[in-house]
Amino acid sequence: MNSIKENYLRIKETIPSDVKLVAVSKFNPADSIRQVYDCGQRIFGESKVQELTEKYNLLPQDIEWHFIGHLQTNKVKYITPFISLIHSVDSAKLFNEINKAAEKDNRVIDVLIQIHVAQENTKYGFSPEEALSFIKRVLNEDYSFIKIRGIMGMATFTYDEDIVRSEFRILKSLFDEMKNSYFTENKDFDTLSFGMSDDYKIAIEEGSNMVRIGSSIFGERMYI
Ligand SMILES: *Cc1c(COP(=O)(O)O)cnc(C)c1O
């Protein structure tokens with residue numbers, strides 16, 4: 001019996017084919033990731049730079065690594081050579097830094113703008129209004145090494161489904177507003193990253209097309 005594989009296959013079955021699954025492997029060892037990889041999963045999410053670079057070196061090269069945690073500007077350069085998507089652009093300074101590092105690596109890096117909609121003040125991100133004006137500004141400037149693919153957000157940590165649902169609705173309507181205002185001609189602005197283990201089904205109902213699932217696949221994390 002292999003519970004990680006079983007968990008993965010059970011979750012995978014519940015996700016529509018037009019929704020991407022990011023298997024969030026933070027705090028889990030490379031051989032757990034390998035088990036999920038062997039089931040066919042290729043997108044994995046990590047939230048710490050050092051942990052990610054170690055795993056990147058140990059695991060197959062066709063994995064698409066996504067960065068989902070708060071990214072410190074001084075660590076950007078360690079992931080720009082290989083990262084597929086950075087979900088967590090939460091400041092203008094970080095955006096700038098990614099563009100600079102990507103230019104050195106001669107890569108165009110896909111990013112999502114992180115939006116703060118939860119009630120907790122511990123979560124990072126732009127407010128919806130800030131995000132709109134930020135995008136308006138950077139699209140008029142020269143950031144040739146970044147491609148904005150969409151937005152990412154997290155709902156409040158609560159059992160109250162109405163709160164979670166209403167926050168996901170804010171994300172979806174913000175995405176639509178951005179799309180209609182700034183990306184009408186741009187097919188690459190297509191990603192809504194919201195929904196985690198406890199709320200991904202609600203997220204998909206509310207328009208998410210990328211869910212980030214960790215503990216329901218790998219088990220409860222052991223924080224060390
Ligand atoms: C840890 C984490 C997840 C996964 O959370 P689970 O509840 O374990 O599914 C998703 N997104 C972000 C940003 C995270 O940090």
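Quick note: numbers below take in every heavy atom, side chains included, and nothing from hydrogens, waters or symmetry partners. Note that ligands are numbered from 1 as they come in the structure, with each ligand's atoms numbered from 1 the same way.
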For Ser216, give me all partners under side-chain hydrogen bond (donor to acceptor under 3.5 Å, both in side chains), at least two apart in sequence or on another chain.
Ser197

Phe134/Phe95 aromatic ring centres below 6.0 Å:
yes

Enumerate donor-acceptor pairs with a distance under 3.5 Å from any side-chain N or O in residues 73-84 to protein atoms, sequence neighbours excluded.
from  : atom 1 : to     : atom 2 : distance (Å)
Lys75 : NZ     : Gln72  : OE1    : 3.3
Lys77 : NZ     : Asn74  : O      : 3.4
Thr80 : OG1    : Asp105 : OD2    : 2.6

Under 4.0 Å from ligand 1, counting heavy atoms only, is it the side chain of His87, its backbone, both or neither?
neither

Between Tyr37 and Asp62, is a side-chain hydrogen bond (donor to acceptor under 3.5 Å, both in side chains) present by the stated rule, with each step listed?
CA-CA 10 Å; Tyr37 177 91; Asp62 63 342; 2.6 Å; yes

With respect to Ser215, determine whether any N or O atom, backbone or side chain, lies less than 3.5 Å from an N or O atom of ligand 1.
yes

In ligand 1, the atoms that come under 4.0 Å of a heavy atom of Ile213 are 9 (O)

NZ/NE/NH1/NH2 to OD/OE distance under 4.0 Å, Glu97 and Lys100:
yes

Less than 4.0 Å is my threshold; does some heavy atom of Ile68 fall inside it relative to ligand 1?
yes

Pull out every atom of ligand 1 sitting under 4.0 Å from any heavy atom of Ser197, numbered as shown with elements.
6 (P), 7 (O), 8 (O), 9 (O)

What do you reckon, does Arg212 have a nitrogen or oxygen under 3.5 Å from a nitrogen or oxygen of ligand 1?
yes

Electrostatic pair Glu51-Lys26, nearest N-O below 4.0 angstrom:
no

Gly214, any N or O under 3.5 Å of ligand 1 N or O:
yes

